[in-house]
Amino acid sequence: MAEGKGGSFEPEIIAFTCTWCGYPSANLAGINKIEYPPNVKIIRVMCSGSVESCVIMDAFENGAHGVIIIGCLMDNCHYVSGNKKAEERVEALKELFDVMGLDSKRLRTEWINASERTKFAKAVNEFVDEVRALGPLPQMKKAREAEPRTAEQTKEKVKQIIEDTSAFDCVECGKCTTVCPIATFDPNFAPRTIVLRAMEGIVENIATDRDIWTCFACEQCNAMCPYKVDYSGFIRGMREEAVKYGAAPLCSQGGLIHSVQRIMANADLNQNRLAWVKDDLKVADKGDVFYFVGCLPHYDAIFKDRRLRLKDICESAVRIMNKAGITPVVSNDEKCCGHDLNWTGNESDFEKLMEYNVDLIKKSGAKKVVFTCPECYRTFNSDYQDLLGDFEFELVHISDFVKQLMDSGDIGADDFSKTPYKFAYHDSCRLGRHSGIYDSPRQLAEGFSGDNYIEMERTKDKAVCCGVSAWANCNAQVKKMQIDRLQEAKKLGADKLLMFCPKCQVHFDCALRDEIPVDRSEVDIEIEDFTVAMARLLSLMEEPKKEPTGTDE
Amino acid sequence: MEEGSQATDGKKRVAAYLCGCRGAISRHIDLESIAKELSISPEIVTVAMHDALCSRDGQKFLKEERASKNFDRVAVAACSPNIQGLIISRALEEEGMNRYLFEQVNIREQCAWSHADRDEATKKASKLIRGAIARTMELEALEDIEVPILPSALVIGGGVTGMQAALDIASEGFKVHIVERSDELGGRAYKLSMTFPTHNCGICCMQYCKECVFTPKIEDVHQNENIEVLLNSEVEEITGGFGDRHIKIKTPDGTVEFDVGTIIVATGTKTFDPSRILELRYENKDVITTVELEQLIVEQRDKGGGLKRPSDGKVPETINFIQCVGSRDKVKGNLHCSLVCCTYAIGQAREIKKVLPDAEIYIHYIDLRGPYRGFEEFYDQAKGEGINFVRGRVSEVVEDHGKLFIRALDTDSGDLLNIPTDLVVLAVGQEPADGSDVISKMLHIQTDIDKFMKDINPMFPSEFRRGVYVAGTAQGPKGIRYSIEDAKAAAASAIDLMQKGKIKFPRIVAFVDEERCRGCGRCRDACEYEAITLEEDKEKGVTVSKVDEIICEGCGACAAACCNKAIMINTFKREQVEAQIRALLQEAEADG
Ligand SMILES: Cc1cc2nc3c(=O)[nH]c(=O)nc-3n(C[C@H](O)[C@H](O)[C@H](O)COP(=O)(O)OP(=O)(O)OC[C@H]3O[C@@H](n4cnc5c(N)ncnc54)[C@H](O)[C@@H]3O)c2cc1C
Ligand code: SF4
Ligand code: SF4
Ligand code: SF4
Ligand code: SF4
Ligand code: SF4
């Protein structure tokens with residue numbers, strides 16, 4: 001952290017200035033010897049509209065205390081509307097900042113004409129004062145990045161991974177390729193060849209091999225392999241090594257989401273996770289049942305323009321529990337489970353999150369932790385317990401949990417109204433293949449469906465994925481896969497496709513919004529969260545307002 | 001990964017230079033200590049200071065450095081990269097360096113001149129150069145984009161501006177197409193009874209008068225074999241980019257299509273509609289605009305001269321001109337001054353005085369503006385001829401028992417005036433021609449806050465923007481002389497471009513990593529310039545984004561919109577910007 005002469009806190013401020021107005025206004029201030037604090041470091045960009053949220057977050061992660069974007073006057077952007085786009089982006093980012101507990105006042109936009117040197121100086125002066133008053137931020141990054149591994153070390157490690165995951169046993173039968181959903185859409189991709197390349201020991205590959213990031217660890221191949229090669233484990237290990245060798249993972253959103261998660265791992269900010277808890281919801285600080293919410297509030301902010309309302313999921317879960325007389329613990333201090341970091345080669349930050357969350361749950365005195373998110377569930381159930389041994393508290397996915405509540409009579413089968421729509425259920429890979437939960441969702445669905453439940457063709461352990469995992473891969477092939485999955489549901493006559501995974505929802509929603517190569521009617525299907533659907537059928541949540549995508553200002 | 005490294009082993013090596021700016025920097029910043037701190041490493045080949053890098057001596061120094069040392073990229077801490085930076089990078093380029101491997105940060109305006117504390121300024125400057133070095137290490141060598149320019153031009157609008165530009169371009173042997181939406185060439189100027197301050201005839205073209213020698217003439221345009229005039233026509237569609245645009249024109253005989261290398265926009269203005277200001281009683285027949293006065297004069301000149309008012313044909317005894325109608329009026333009209341109405345209203349008043357010497361003429365003004373040579377003399381003569389100038393805004397035109405009154409405050413005397421009048425003339429201001437917004441959208445021309453098309457740099461007339469020039473009153477109100485000046489400047493630039501036949505410009509444009517692109521179309525929707533299309537890659541069986549480098553302006557809106565970061569801007573890639581920021585935020589090792 002920067003310190004002033006008197007030892008007082010001096011904030012580091014990054015100012016993004018556009019080439020046409022922001023930058024010249026700063027220079028003009030200099031030419032006229034107008035003083036402003038040296039805290040302000042100027043980064044020239046072509047247009048304020050080009051400043052990406054991930055770059056802003058990266059600045060904070062690396063020690064910035066405030067970021068100001070300075071562009072042309074509104075309606076006077078050199079590139080027509082860049083400043084308006086910047087404004088919208090910053091508004092969404094401010095919401096994310098609020099959730100994270102980074103004061104959104106640390107982000108500012110100013111629209112200044114090239115000639116307005118005094119306005120420039122005034123703006124940055126004010127901003128520096130404001131951020132100085134907000135005070136320092138905790139260290140948000142690992143104290144020191146380890147030195148990149150040498151080729152020799154990496155070679156050794158890769159050997160170890162191959163051994164640990166039984167990849168040596170591969171007899172090149174090619175069964176994995178026949179089931180791999182990526183291989184279906186991208187003829188150049190074959191799980192087997194990634195292993196082959198690794199076995200050849202060409203370590204330089206590891207930094208440039210995109211395939212290790214393309215796989216989404218859906219475990220279709222694991223399930224199929226006659227020699228039980230642990231492909232997903234292999235991929236995860238290789239990613240870890242790639243990162244240690246100095247390769248950056250290819251991440252959607254430019255790594256914004258991973259940045260947020262790393263910040264959570266390394267800094268204890270005063271988060272604002274519980275804004276969704278409405279007055280009539282019964283929640284507690286201590287108790288037997290801990291509801292682990294995950295990053296739903298974050299995603300609502302990150303995908304603000306999509307209006308996904310993922311927070312309905314947590315509200316629904318709590319309402320269902322309340323109905324059964326349970327007052328769950330929800331914690332404002334919860335952190336990301338670390339799933340995405342774990343799957344993008346960042347073991348150390350993952351472990352920090354793990355220790356933190358486990359400690360938090362222990363302190364709450366909970367005997368049972370309920371999850372709506374399949375990834376959180378898998379991460380606790382498999383990854384945490386692999387590393388820490390079995391927990392004293394029980395881990396339950398909401399589907400099993402509601403099933404239990406019905407079995408015990410706390411929720412009656414008659415409490416559910418019957419679905420007025422035909423629907424199918426999408427097995428998310430983290431819940432299905434990774435965690436073996438296939439039955440409860442189906443039993444629940446059959447319970448409230450009347451006979452409106454449709455089983456997908458490719459179902460249970462053969463279910464095709466949403467195409468993306470850990471935000472590490474997304475491309476045209478993935479889109480094909482998503483469309484294919486949606487077409488499958490539509491063709492079977494479903495009006496809705498229910499699923500538990502919020503990320504599956506985000507990714508399918510993406511496909512629905514995209515320019516697509518098939519007729520819209522072939523994928524015209526509603527995506528709904530399973531927990532929310534249950535709450536609606538129990539009349540605990542309102543039906544969604546039919547709101548067309550677009551503005552509702 | 002990157003190519004283009006000049007060093008033989010392909011490793012990235014940077015040289016860092018600190019400029020003292022003949023004391024302007026070195027007096028305020030301790031450059032020596034910065035240079036000392038920047039330790040030489042395998043990556044940083046050399047760190048050196050110079051008194052003035054942009055001077056001839058400085059350029060020579062850089063060339064020698066480049067020739068004698070083994071580096072492929074350069075980071076400079078000096079003044080603004082937008083100005084002297086070009087001189088410095090050009091010098092290095094002459095010695096064979098790829099100029100995309102160059103980064104300059106400004107420690108003069110942004111440190112030496114804005115932070116009085118020497119230590120603080122030095123500390124910040126040290127960080128800035130570190131940021132520059134870090135960014136430089138991430139840069140990639142690139143080639144400029146070269147585009148051919150077709151030898152033909154489109155002129156939109158056939159007023160004096162359009163005609164002049166067309167004649168100039170045609171005279172150099174290039175094909176010109178003029179598109180004029182009305183049924184005749186000439187625009188506004190050819191509908192005026194007189195033009196001022198010269199007091200010459202504007203319509204007849206019957207004789208060789210002084211005025212006509214200098215203004216472009218309709219017949220000249222029609223006769224020129226290089227010029228195709230399309231009347232009653234409008235632009236339907238423009239596709240393509242810099243140097244080669246495909247034009248579709250809707251004409252009475254169907255659609256006409258052709259390709260051009262340059263375009264001149266000369267769509268002119270329309271006058272303000274005074275019925276938008278209710279107090280001016282424009283619905284009354286004897287409240288007319290200056291444009292209608294022109295028509296009245298022209299009509300009555302044919303019938304033997306004189307001036308009769310529209311309602312009853314009576315010769316008006318009192319005439320009141322109201323200035324700034326719709327101009328300089330943020331609330332009811334436009335904020336801008338229309339620049340020509342003071343001149344022509346005085347001119348019209350003087351003309352009326354000539355035919356009706358006994359008429360009482362008042363001109364109500366806020367202040368008189370005529371930033372032209374000869375205007376003051378012109379005004380002085382008008383006062384001498386007995387025209388009454390009243391300073392102050394007219395609050396209302398009142399109709400009482402069939403009579404008109406002007407209510408106004410004379411701010412010089414403080415008197416509230418209530419002047420009975422026979423005729424009211426509204427000096428209406430000017431706005432961009434109808435549909436000029438459509439043209440600016442089509443060509444991605446920025447508009448100003450007043451909705452007129454905007455210059456890239458208001459200091460230069462018709463600076464080129466990828467072969468498109470805005471000239472005449474389409475850019476803002478101005479007199480004929482200035483419109484013609486604009487036309488000539490635009491034509492000269494277009495001619496220059498077409499004569500060269502090609503142009504190079506920096507490859508600071510978007511590019512797509514096709515393996516990452518999911519063909520969602522978000523980048524395309526974010527692009528104001530329609531530079532992006534989604535195209536099917538048959539071989540791979542996927543649809544991905546494609547950028548037309550010639551259309552792309554490099555704004556980066558697409559890059560920020562892409563979820564996948566599959567589209568990026570050269571030299572402003574995420575890694576490049578992030579490297580710079582991270583270095584800025586890192587505490588210098590020496591700081592402890
Ligand atoms: C009432 C009045 C009096 C004036 N008196 C004087 C004076 O005394 N002295 C002086 O120096 N200046 C005077 N001016 C200013 C003078 O008229 C302008 O400087 C001059 O006419 C500008 O010429 P232009 O070609 O730029 O625009 P215009 O004359 O407005 O010509 C534009 C042409 O483009 C055409 N057009 C517009 N849009 C399209 C389109 N989308 N597609 C195809 N064609 C299109 C129009 O039909 C028109 O023919 C006066 C202006 C007004 C309003
Ligand atoms: S884990 Fe899934 S995506 Fe990855 S290689 Fe196996 S089948 Fe393909
Ligand atoms: S390069 Fe810039 S800083 Fe150096 S002498 Fe020239 S003007 Fe001054
Ligand atoms: S030129 Fe004169 S009348 Fe016209 S807007 Fe300007 S000040 Fe008003
Ligand atoms: S926004 Fe990105 S992923 Fe979408 S089409 Fe454009 S480049 Fe491809
Ligand atoms: S950089 Fe700007 S102009 Fe170029 S393609 Fe992207 S959005 Fe369009």
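The sequence lines fix the lettering, A, B, ..., with proteins before strands; numbering per chain opens at 1.
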Counting heavy-atom pairs under 4.5 Å to chain A, which of [options] comes out on top?
options	answer
Asn82(B), Val544(B), Val577(B)	Asn82(B)
Ser440(B), Ala526(B), Cys562(B)	Ala526(B)
Thr571(B), Leu128(B), Thr543(B), Leu584(B)	Leu584(B)
Ala116(B), Gly554(B), Gly131(B)	Ala116(B)

Do Asn27(A) and Asn106(B) meet the criterion of a side-chain donor-acceptor pair at a distance under 3.5 Å? yes
Sub-4.5 Å side-chain heavy-atom contact between [X] and [Y]:
X	Y	value
Gln580(B)	Ile43(A)	yes
Cys555(B)	Met46(A)	no
His444(B)	Val80(A)	no
Glu528(B)	Ser81(A)	yes
Lys454(B)	His78(A)	no
Asp58(A)	Ile581(B)	no
Phe572(B)	Cys47(A)	no
Cys54(A)	Lys565(B)	yes

Structural part of [X] lying under 4.5 Å from a heavy atom of chain A:
X	result
Arg522(B)	side chain
Asp525(B)	neither
Cys517(B)	backbone
Ala566(B)	neither
Asp513(B)	side chain

[X] side chain vs [Y] backbone, donor-acceptor pair below 3.5 Å:
X	Y	result
His115(B)	Glu35(A)	no
Asn62(A)	Arg582(B)	no
Lys480(A)	Gly541(B)	yes
Lys479(A)	Arg518(B)	yes
Glu109(B)	Ile31(A)	no
Arg574(B)	Gly254(A)	yes
Lys124(B)	Val40(A)	yes

Pick one of side chain, backbone, both or neither for [X], based on which atoms fall under 4.5 Å of a heavy atom in chain B.
X	answer
Gln482(A)	side chain
Ala114(A)	neither
Thr19(A)	both
Pro38(A)	both
Phe185(A)	neither
Ile34(A)	backbone
Ala15(A)	neither
Asn32(A)	neither
Pro37(A)	backbone
Cys18(A)	neither
Arg44(A)	both
Cys77(A)	backbone
Lys85(A)	side chain

Smallest heavy-atom separation, Leu585(B) atom then Ala64(A) atom, equals CD1-N, 3.6 Å
Glu12(A) and Lys127(B): salt bridge (Lys or Arg N to Asp or Glu O under 4.0 Å), yes or no, with the steps? CA-CA 12 Å; Glu12(A) 288 286 356; Lys127(B) 286 191 178 176; 2.8 Å; yes
Using the rule given for salt bridge (Lys or Arg N to Asp or Glu O under 4.0 Å), can you reason through Lys451(B) versus Asp75(A), listing the C-alpha separation, both sets of side-chain angles and the distance that settles it, and then say yes or no? CA-CA 10 Å; Lys451(B) 304 278 183 279; Asp75(A) 294 324; 5.9 Å; no
